[in-house]
Each structure stands twice: as C-alpha cells, then as structure tokens.
Amino acid sequence: MSKNELKDFLDAKVLQYNTIEFIEPDPISVPHRYKLKEDIEISAFLASTIAWGNRKMITKNGHRMMDLLGDSPYDFVMSHDDYQLEKLDGFVHRTFNSDDLIYFIKALKYIYSEKGGLENIFTVNQTEDSLQPAIHEFHKIFFEIPHQLRTKKHVADPSKGSVAKRINMCLRWLVRNDSSGVDLGIWKNIPASILSCPLDVHSGNVARKLGLLERRQNDGKALLELDTNLRLLDSNDPVKYDFALFGLGIFEGF
C-alpha cells in the first residue's frame with residue numbers, strides 16, 4: 001500500500017485500540033490507580049519493569065506490587081524501614097524477584113532524595129530528537145548505589161544496543177497525552193515527538209509486514225529505523241502507532 005494508505009490504515013487501528021477499554025487488562029491500569037504524580041510515575045516504572053510474558057500475569061503482579069507497597073508507592077519508597085522491606089520477600093515475576101524489588105525501592109529513594117526524581121533525570125538528559133541517551137543516563141544513576149549484579153538486567157541500556165522496550169513503554173505512559181485517556185501524560189517538559197516505540201517481537205513482526213521495518217533483528221538499529229518511519233507518518237505523535245502495532249499483532253494475529 002502507498003504511504004497515505006498505510007497512514008490511513010494505521011490511524012484507523014489507533015482509534016480502534018487507543019480507547020478506555022484498553023486500560024483494565026493492561027499493565028497501564030497499575031499507574032491509573034493513582035492521582036499523586038509521584039505515585040503514578042513510580043507505579044508506572046515498576047509495572048513496566050515486569051512487562052514481559054503473559055499480559056494478564058503482568059497486570060496481576062503489577063497490582064500485587066502496589067498492594068505490597070501499601071497502595072502508596074511514593075510514601076513507601078521514601079519512608080520504608082527494614083521491617084517493611086521484609087514484607088516484600090517472596091514476590092516474583094519470572095526472573096524479577098523480591099531482591100530485585102527491594103533494590104528498586106532503595107534506588108528510587110536515592111533518585112527522589114538525591115537526583116530530583118524520575119522526571120528530572122529524563123528531562124535534563126533528553127536530546128532534540130531522542131530519549132535514548134536519557135535512558136542510558138538513567139541506567140547509570142539507577143545503579144550508583146550498591147547492588148547485586150543480577151538486578152542490572154532488569155533495566156535496559158540503549159548504549160549496549162538494547163531496544164529498551166519496557167522503559168520506552170513507561171515513557172509513553174508518562175509523556176504522551178491525548179483525548180483517549182489511556183496514556184497518562186503527566187510529564188509536560190518532554191515532547192511526545194521524541195518518544196520511541198516499545199519494540200518487541202509482536203510489534204516488530206507487524207512492522208516488518210507493513211514495510212515499516214527492514215532490519216530483522218530487534219535491536220537499537222531496528223528501533224531507530226522504526227522510529228524514523230513512524231515519525232514520517234506523524235511527526236508530533238509517532239508512538240500512537242504502538243497501539244496499532246500491538247492490536248494488529250496481539251488481537252488480530254496480523
């Protein structure tokens with residue numbers, strides 16, 4: 001199909017899937033529990049961190065994490081004690097376990113106490129056309145305090161060729177804002193135009209079938225190629241097409 005036909009097709013799929021009905025079964029329902037800005041961004045980061053595997057289980061375990069944090073993630077991060085951390089023992093989602101979660105809580109406290117919070121890190125490290133350098137800086141800061149080596153695999157680093165799918169999804173949730181009410185859009189100093197698509201096996205396969213991606217490997221070069229092509233379709237809001245790629249791959253078996 002032509003570029004205009006492809007854009008019309010994908011725009012229609014965005015309208016089909018970027019709706020309120022998308023929220024409840026999706027991990028994005030976790031940050032939708034909250035009104036406080038810090039609760040939203042912390043819960044979004046934690047829920048997106050475990051976003052691989054079965055969608056239903058991801059969402060269930062995301063909500064379980066919030067319950068373990070007393071349904072007040074920011075307060076828990078900033079005021080937890082050793083006894084409260086012990087209550088997290090036993091949490092597991094695939095290879096992400098309670099040791100990882102406890103470190104994440106400690107690292108988040110460091111970020112909010114010493115680095116101005118999550119939004120500040122990404123805002124000051126954004127470039128004119130990308131958030132990938134900011135993700136790299138975030139990775140460095142997140143592991144500035146003592147940590148187990150095993151935990152580093154749960155935070156992607158684009159400088160090592162990673163597509164950083166889960167962090168890019170979290171950033172879509174926090175930055176992108178439209179009339180649908182799905183993405184939360186609470187970060188106002190980062191433009192949606194520089195967001196990157198949360199590339200995974202499903203969205204990558206659909207993108208290749210549609211001619212949006214030629215590179216066969218899902219890596220940083222593929223992400224750049226996909227971002228470039230999506231920005232040609234909509235330079236202001238390219239990652240809205242994540243809904244189309246996701247819906248086509250997961251719900252329609254495209």
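Owing to the predicted nature of the structure, the values given are computational and were not obtained by experimental measurement. Only this structure's heavy atoms are used, side chains among them; waters, hydrogens and symmetry mates stay out.
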Any salt bridge between Glu114 and Lys109, counting N to O under 4.0 Å? no
Separation between CG (Asp26) and CD1 (Ile250), nearest 0.5 Å, reads 10.5 Å
Nearest heavy-atom approach of Met169 to Ala51 is CE-CB, 3.4 Å
Does a salt bridge link Lys221 with Glu225, judged by any charged N lying under 4.0 Å from a carboxylate O? no
Indicate the atoms forming the closest heavy-atom contact of Arg150 with His154, along with that distance. NH2-NE2, 3.9 Å
Hey, is the main chain of Asp81 close enough, under 3.5 Å, to the side chain of Gln84 for a donor-acceptor pair? yes
Using ring centroids (six-membered ring only for Trp), state whether Phe142 and Tyr110 fall under 6.0 Å. no
Verify ring pair (Phe, Tyr, Trp, His ring centres under 6.0 Å) between Phe138 and Phe45, making sure each step is shown before the conclusion. CA-CA 12 Å; Phe138 171 74; Phe45 174 62; 5.4 Å; yes
Could I get the full list of side chain to side chain contact (heavy atoms under 4.5 Å, CB included) partners for His32, not counting sequence neighbours? Ile23, Ile28, Leu184
Exercise: do Tyr112 and Glu38 side chains pair donor with acceptor under 3.5 Å: no
With distance as the sole criterion, is a donor-acceptor pair present between the side chains of Asn18 and Asp178 under 3.5 Å? yes
Quick one: does Glu5's side chain have a donor or acceptor within less than 3.5 Å of a partner on Ser2's backbone? yes
So, for Tyr34 and Ser43, which heavy atoms are closest and what is the spacing to 0.1 Å? CD1-OG, 3.5 Å
With the side chain counted from C-beta on, respond yes when Met66 and Pro73 share a heavy-atom pair under 4.5 Å apart, and no when they do not. yes
Donor-acceptor pair, Ser29 side chain versus Pro25 backbone, under 3.5 Å? no
Could you check whether any side-chain N or O of Lys165 sits under 3.5 Å from a backbone N or O of Pro198, counting only pairs where one atom can act as donor and the other as acceptor? no
Ile50 versus Gly62, closest heavy-atom pair with distance: CD1-N, 3.6 Å
Answer yes or no: is there a side-chain heavy-atom contact under 4.5 Å between Gln132 and Asn168? yes
Name all residues meeting the side-chain hydrogen bond (donor to acceptor under 3.5 Å, both in side chains) criterion together with Lys160; count only those two or more places apart in sequence or in a different chain, and write none if there are none. none
Tell me if a side-chain donor or acceptor on Asp183 pairs with a main-chain N or O of Gly185 at a distance below 3.5 Å. no
What's the separation between atom CG in Asp89 and atom CG in Leu85, rounded to the nearest 0.5 Å? 10.5 Å
Residues Ile20 and Ser180: closest non-hydrogen pair is CD1-O, 3.3 Å
For residues Ser193 and Asn236, is any side-chain donor paired with an opposing acceptor at under 3.5 Å? no
Quick check for you: to the nearest 0.5 Å, what is the distance between Leu248 atom CG and Tyr241 atom OH? 12.5 Å
Should we say atom CD of Glu214 is surrounded by more than 12 heavy atoms from elsewhere, each under 6.0 Å from it? no
Side chain to side chain contact (heavy atoms under 4.5 Å, CB included) involving Thr123 - partner list, sequence neighbours excluded: Glu119, Gln126, Asn189, Ile190
If you measure from CZ on Arg231 to SG on Cys197, what distance do you get to the nearest 0.5 Å? 10.5 Å
For Asp237, check side chain to side chain contact (heavy atoms under 4.5 Å, CB included) against everything at least two apart and list the hits. Arg176, Ala192, Asp234, Val239, Lys240
To the nearest 0.5 Å, how far apart are CZ in Arg64 and OG1 in Thr59? 14.5 Å
Keeping the roles fixed (side chain from Lys87, backbone from Leu68), state whether a donor-acceptor pair exists under 3.5 Å. no
Residue pair Asp157 / Ser159, side-chain donor-acceptor N/O under 3.5 Å: yes
In this structure, which one of Phe251, Phe22, Tyr17 forms a ring pair (Phe, Tyr, Trp, His ring centres under 6.0 Å) with Phe243? Phe22
Contacts satisfying ring-ring contact (aromatic ring centres under 6.0 Å, His included) that involve residues 168-191 (not counting sequence neighbours) are Phe122-Trp187
Between CG of Leu108 and CG of Leu46, what distance do you get to the nearest 0.5 Å? 6.0 Å
Tracing side-chain links under 4.5 Å among I, L, V, M, F, W and Y, which residues wind up in one group with Leu232? none
All heavy atoms of Ile135 vs all of Pro158, minimum pair found to be CG2-CD, 3.5 Å
Do Lys152 and His139 have side chains that get closer than 4.5 Å, going by heavy atoms? yes
If you define the side chain from C-beta out and look only at heavy atoms, does anything of Lys188 sit under 4.5 Å from Asn177? yes
Pairing of Asp67 and Arg33 as salt bridge, 4.0 angstrom limit: yes
Just by modelled atom types, is the Val77 backbone N or O under 3.5 Å from a matching donor or acceptor in the His80 side chain? yes
